[in-house]
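Some notes on the structure that comes next.
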2 protein chains.
Amino acid sequence: MNQVESNHSRTAVCTEKKENTDKLSSKYNCPIEATLDLIGGKYKSIILWHLTNGTLRFNELSKVIPQATPKMLTQQLRELENDGLVNRVVYPVIPPKVEYSLTDFGKSIIPILDSMCTWGTRYLRDFKCD
Amino acid sequence: MNQVESNHSRTAVCTEKKENTDKLSSKYNCPIEATLDLIGGKYKSIILWHLTNGTLRFNELSKVIPQATPKMLTQQLRELENDGLVNRVVYPVIPPKVEYSLTDFGKSIIPILDSMCTWGTRYLRDFKCD
DNA sequence: CCGTATCCGCCCGGATACTG
DNA sequence: CAGTATCCGGGCGGATACGG
């Protein structure tokens, strides 16, 4: 049996359905690609992670992600909002106040963020902070 | 106390060291950024995941990641190799044979890949394959 | 304060052709 | 088979200025 085709029992769930829902599922050869479509954006997982501790306002996010320009931050936040991962609440006050938080769906990816954080922390400690 | 600065006890490990190793650590405001530097490339986590089941040859990777051109696949593999995540073994035979596999360091990120895969599978099942 | 609008450089990444 | 070489277009993303 061919090694390439026999690999990855973990994709079985999706590949089995490939015949039924060709248009949607044929897009991905593995579930990770679907995940990346949602959180693969340049600042998305960083944004999400900063929101795991609670609600943040726009310029609070700006401060903890200084490398992201307002344009980029807005763009990524809008995509996250459209994909149902974050809530955007506008308070009609002056000066304006907008709060971002994780939806329940957004909270479901916390395990991914945690594993990335855990690994990154260890990596920085063992290889970069000597 | 300021909300922004008081957030994220999980980054404490790194932020504490910021004064000591300014050049290296000041690059990141959170560990996730370090992780993304290594596996944030366009096809990197997909490549790594396909290698979790064992060694694969170049054109086996091509088949499971058809959207990646040979150029892109090579580039991403070289970066993964330079970062110590994958092994590249060249067999001096004709026709050529090159095998890619995870290093021990590369295997250490499997938890991340697993969580991404688990989440992606559930997402596809619950929202895309109806 | 929270964005949008506009301009624009750059490089990511695809297509194609070619080699050891 | 496992890549390189070359060209090139599109869009990512930065800088700046402005608006509600």
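Letters A, B, ... are given to chains in the order of the sequence lines, protein chains preceding strands, and every chain is numbered from 1.
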More 5' along DNA chain C: A:Thr74 or B:Gln76, using each one's nearest nucleotide?
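Its nearest nucleotide lies further toward 5', so the answer is A:Thr74.
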
If you pin A:Tyr100 and B:Tyr43 to their nearest nucleotides in DNA chain C, which one's is more 5'?
A:Tyr100

Using a cut-off of under 3.5 Å, enumerate the N/O to N/O pairs linking the protein to nucleotides 9-12 of chain C.
none

Going from OH on A:Tyr91 to CD on A:Glu99, what distance comes out if it is rounded to the nearest 0.5 angstrom?
4.0 Å

Any side-chain heavy-atom pair from A:Met116 and B:Leu36 closer than 4.5 angstrom?
yes

Protein-nucleotide distance (B:Ile47, atom CD1; C:dG13, atom P), rounded to Å
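Spelled out: CD1 on B:Ile47 to P on C:dG13 is 12 Å.
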
Whole-Å distance separating the NZ atom of B:Lys71 from the P atom of C:dC18
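Checked: the NZ to P distance equals 18 Å.
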
Given the rule that I, L, V, M, F, W and Y join up when any side-chain heavy atoms are under 4.5 Å apart, are B:Val93 and B:Val89 in one cluster?
yes

Which of these passes side chain to side chain contact (heavy atoms under 4.5 Å, CB included) with B:Ile47: B:Ile39, B:Ile65, B:Leu56, B:Val64?
B:Ile65

Nearest heavy atoms of [X] and [Y], plus distance in Å:
X	Y	result
B:Thr103	B:Gly84	OG1-O, 2.6 Å
A:Leu38	A:Leu85	O-CD1, 4.1 Å
B:Tyr123	A:Ala34	CD2-CB, 4.2 Å
A:Leu77	A:Tyr100	CD1-CZ, 3.7 Å
B:Pro96	B:Arg57	O-NH2, 3.3 Å
A:Ser115	B:Ser115	OG-OG, 3.1 Å

Quick note, side chain to side chain donor-acceptor pair (under 3.5 Å) partners involving residues 65-77 of chain A, not counting sequence neighbours, are A:Gln67-B:Glu33

Listed range with range, the stems formed with DNA chain D by at least 3 consecutive Watson-Crick or G-U pairs (under 3.5 Å) are C:3-20 with D:1-18

Contacts to DNA chain C from residues 86-99 of chain A, heavy-atom cutoff under 4.0 Å, which residues?
A:Arg88, A:Pro95, A:Pro96, A:Lys97, A:Val98

Reckon B:Thr69 has a side-chain N or O less than 4.0 Å from the OP1 or OP2 of C:dG14?
yes

Taking 5' to 3' order, which nucleotide of DNA chain D is first and which is last to have an atom within less than 4.0 Å of a heavy atom in chain B?
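Contact boundaries, 5' end first: D:dC1 to D:dC7.
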
Donor-acceptor pair, side chain of B:Thr55 and main chain of B:Ser101, under 3.5 angstrom:
no

Given a cutoff of under 4.5 Å between side-chain heavy atoms of I, L, V, M, F, W and Y, with clusters grown through shared members, what are the other residues clustered with B:Ile94?
none

